Each structure stands twice: as C-alpha cells, then as structure tokens.
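Working notes for the structure below.
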Amino acid sequence: MESIRALAEAAIAAKTFPGCVVGYVTTDGQTECWPYGHLTYDDGAPSVLTDTIYDTASLTKSVATASVALHLVDHGKLSIDDLLVDYVPEFANNYREQVTIKHLLTYAIDGYGLGKFKDRIADELHQIILTHDFVEPPGTVFKYTNVPAYLLGLVIERIAGRPLDVLADELFYGPLRMSRTTFHPDRFDKLLIPPTEIDASWRRRVVQGEVHDESASVCLADGRVVGQAGLFSTAPDLLRFMHMILRGGEFDGRRYFSEATVQQMYSNQLADIGESNGLGWELNQPRYMGTSCTPTTFGKTGFTGTVLIADVSRRVALVILSNRTYPHRPPDARAIHSFRSQVADAVFGLLPVGVI
C-alpha cells in the first residue's frame, strides 16, 4: 500500500525509528506485511525483514498475561470477580481486601511507576509491589502502570503452578505456530533482533536481544518471567494471534477463547468511571488508533514502538513493530502516536464498518 510506504519512509527520515514492520490481517485471512528501513541508523545496518524479531514491550500484557488469565476464566479456574488475595494472600497494601481480577485486567487500580525501583533486586521489587499503598480505592480510577500485569502474572502462576512463559507457549504460541514468539530471545541470533536503546547510565551497553523494560529486566536477572513485559515476536506471528481473535477465539479447528470472552475484550468495562477499557485491551483511543476508530476498536501499545489494533466492525487487525527507543528514548510519544494513527487511518479508513 503506497500510502503506508510513504508514511513509513517519512517517519524514518524524521528519525521516529530506524525501521519498522507494518501488517494487517482480515477475518477471512487476507494478510499483508511490509518491512521498511533498517535495524539501526548506522551505515550498512541490516535491513528490516518481514520476520524481524522485535521486543514487543507492553504488548506482553495483552498477548501473554491477560490472554492466559482469560483462558483460565474460560475454563472455570478463575473468575474476574475473585479477589487478588485469594491467590496472593501475602498482598498487604491498604486495599488488599478490595482488589479483584477485573481491576487488574482493566488497570482500575491506583498503580505507580516501577522504573524508579530499577536499582533494587527482584525480591525487593516484589515486596514493594506487595506492600505499596494506593491513594484511590480500586475500581474508582484508571491508571495505566506495570503493577496490575505483574500481579496478574503472579495469580496465573499460583493457579497453574507453572511460569507464565511456559503457559503462554503451551496455550497459544505453540498451537498457533508462532515460532518466533518467545520470552527467551537468546534462542535466536542477536543480529535478528533490533536494538532498543544505547543505555549509557544504567545497563551501560547497547540493549539488544534482551528485554528493554527495567522492571522486567530486574526480575529476569533472578530468573523470573513477569507479566508486564519481556515478550519478543514478529509481525506475522502477532497477526496469527489477532486473526484468531477476529475469528471469535477459534483458529484451525481449535478454540482458544470462548466467543463471550472475546466480546469482553472489546466491551467497555469502565463506563461507570468514564474510562474505556476492555478485559486486557484498551478501547477507542484515537490518539494511536486513528480518527476512524470506533467504540469497539481495541488495542495495545508497547513503549519500544509497537502496537496492535483490531477493529471488529471492519474485521481487520493491524500490527506495527519498531524500535523507536533507539538510540535513545524520545521525550514523549507524540511522533510514534502520530505514525500509528495515520497508519490505522490508512488501513481502517478504506474498509466499511459492518455489523459485529
């Protein structure tokens, strides 16, 4: 699509990112993927390929953590109305008896940034998350942070008795043949993975082939896979996942989610507090979903420059993967949001809104 090429080339020229992959899939399986640019801005840097492996950052929260949790809900092992302390009894902040699984899936708790704790070891970070008080009661505020996904990851592991990465592989990535989707990028040659940052102050190295998120990095140093970040993937793999969701949770004769659960992904759970979020996904966010998005358009962004967006009324899902944080993270998300929204308009704007 020439309009997308023009947008990508303009973004590369403006140094929004050195390269990216853009792709979409429709409910009937029509799929397109286009790679643009290079892994870095250096002369002679390798070109981005369709199956270049990117650090998806917070896409992990939706494609791994929330998805595994909703699978457990579908199979009667978890309810969204259950209390967090039913599974993590050592959770001990001032609202310990009020936090529900639904609050975690919709980010309806008064979370806080974890980046400021990056110099702590994993056990210390864990204790901070278990004891840090909230200012506002759960369910009264939408506040997007890493805390809910971390806690939801703990719940999943307590129920299943296995780590999140193992469960995600068994339930989704293996059966869906997402062969380049992993929490363990060291399985692949580092040169297949774009670097995400030249970190001169904390890690003091180029961050490549390892998770960019600081809190996830702290935990992985102790061998712990966590729910907020750490998943690496490709555009074709993620489009297979989204194709399954567009098909109501079924793919190649296997059911991954009930149709009712998929519907809750794009049904607003926070209308009573004036926010818009489904179970595990954000809803109706024109700032990155474009001006053509609808109340049932759902998606998720990743700090490194990634995004997934699905418009069920148009029966199409979009992926953009980039390393916009290289060589140094920008001061804000305006440039990447502009690119995301323009690409979304280019894809969604050409498709008529149908009946869900």
Side-chain angles (χ1 to χ4, degrees), residues 58-88 91 93 95-112 134-156 159 172 227-228 241-242 244-246 248-249 256-289 293-302 307-314 317 353 356:
S58 286
L59 299 191
T60 305
K61 295 178 173 75
S62 296
V63 178
T65 313
S67 290
V68 173
L70 291 173
H71 173 90
L72 295 175
V73 171
D74 264 342
H75 288 78
K77 298 179 180 179
L78 179 66
S79 167
I80 64 171
D81 296 319
D82 287 345
L83 292 174
L84 170 62
V85 291
D86 291 342
Y87 305 97
V88 187
F91 180 70
N93 85 350
Y95 287 106
R96 70 179 303 274
E97 298 291 344
Q98 297 181 35
V99 179
T100 68
I101 302 305
K102 182 179 178 180
H103 293 146
L104 302 182
L105 283 165
T106 57
Y107 297 85
I109 62 172
D110 187 26
Y112 41 88
F134 300 152
V135 175
E136 303 292 338
T140 65
V141 62
F142 170 83
K143 192 170 184 181
Y144 178 72
T145 70
N146 279 337
V147 174
Y150 181 95
L151 292 169
L152 189 58
L154 285 181
V155 171
I156 289 166
I159 292 172
F172 299 107
Q228 65 266 32
F241 188 89
M242 298 308 290
M244 174 269 291
I245 291 179
L246 287 175
Y256 295 86
F257 298 111
S258 68
E259 291 186 9
T261 289
V262 171
Q263 188 174 19
Q264 292 305 301
M265 295 178 187
Y266 58 82
S267 298
N268 191 7
Q269 309 292 315
L270 301 180
D272 58 332
I273 61 170
E275 300 289 350
S276 192
N277 213 89
L279 293 184
W281 297 86
E282 296 176 351
L283 299 178
N284 194 23
Q285 300 295 321
R287 74 185 189 282
Y288 72 84
M289 296 179 181
C293 72
T294 72
T296 56
T297 303
F298 64 102
K300 186 74 194 75
T301 61
V307 73
L308 284 170
I309 308 170
D311 190 318
V312 292
S313 63
R314 292 184 173 92
V353 177
I356 301 173

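Note that this is a predicted model, so its numbers are computed, not measured.
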Exercise. How would you list, by chain and number, every residue that makes a ring pair (Phe, Tyr, Trp, His ring centres under 6.0 Å) with Phe257, sequence neighbours excluded?
Worked result: Phe172

I need the [X] [atom1] to [Y] [atom2] distance, nearest 0.5 Å.
X	Y	atom1	atom2	result
Tyr107	Asn277	OH	CG	8.0 Å
Gln263	Thr296	CD	OG1	10.0 Å
Ile309	Met289	CD1	CE	6.0 Å
Thr140	His103	OG1	NE2	8.5 Å
Leu279	Ser67	CG	OG	11.0 Å
Leu154	Tyr87	CG	OH	13.5 Å

For this session: Verify side-chain contact (heavy atoms from CB on, under 4.5 Å) between Phe134 and Gln98, making sure each step is shown before the conclusion.
Result: CA-CA 11 Å; Phe134 300 152; Gln98 297 181 35; over 6 Å; no

Between [X] and [Y] (side chain of the first, backbone of the second, donor and acceptor by atom type, cut-off under 3.5 Å), is there such a pair?
X	Y	value
Thr65	Gly227	yes
Gln285	Leu283	yes
Lys102	Asp81	no

So, for [X] and [Y], which heavy atoms are closest and what is the spacing to 0.1 Å?
X	Y	answer
Glu97	Leu83	O-CD2, 3.5 Å
Leu270	Ala108	CD2-CB, 4.0 Å
Val135	Tyr95	O-OH, 4.0 Å

For this session: State, without any angle test, whether Asp311 and Thr297 hold a side-chain donor-acceptor pair at a distance under 3.5 Å.
Result: yes

Exercise. With no hydrogens and no angle check, do the side chains of Ser276 and Asn284 hold a donor and an acceptor under 3.5 Å apart?
Worked result: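 Their side chains do not contain a donor-acceptor pair, so the 3.5 Å distance test is not met.
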
Problem set entry | salt bridge (charged side-chain N to carboxylate O under 4.0 Å, His left out) against Asp110, all qualifying residues, sequence neighbours excluded |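 Residues passing salt bridge (charged side-chain N to carboxylate O under 4.0 Å, His left out) with Asp110: Lys143.
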
Would you call [X] and [Y] a side-chain contact if the rule is heavy atoms closer than 4.5 Å?
X	Y	answer
Val99	Val85	no
Met265	Leu70	yes
Val88	Leu151	no
Ile101	Leu152	yes
Ser58	Tyr144	yes

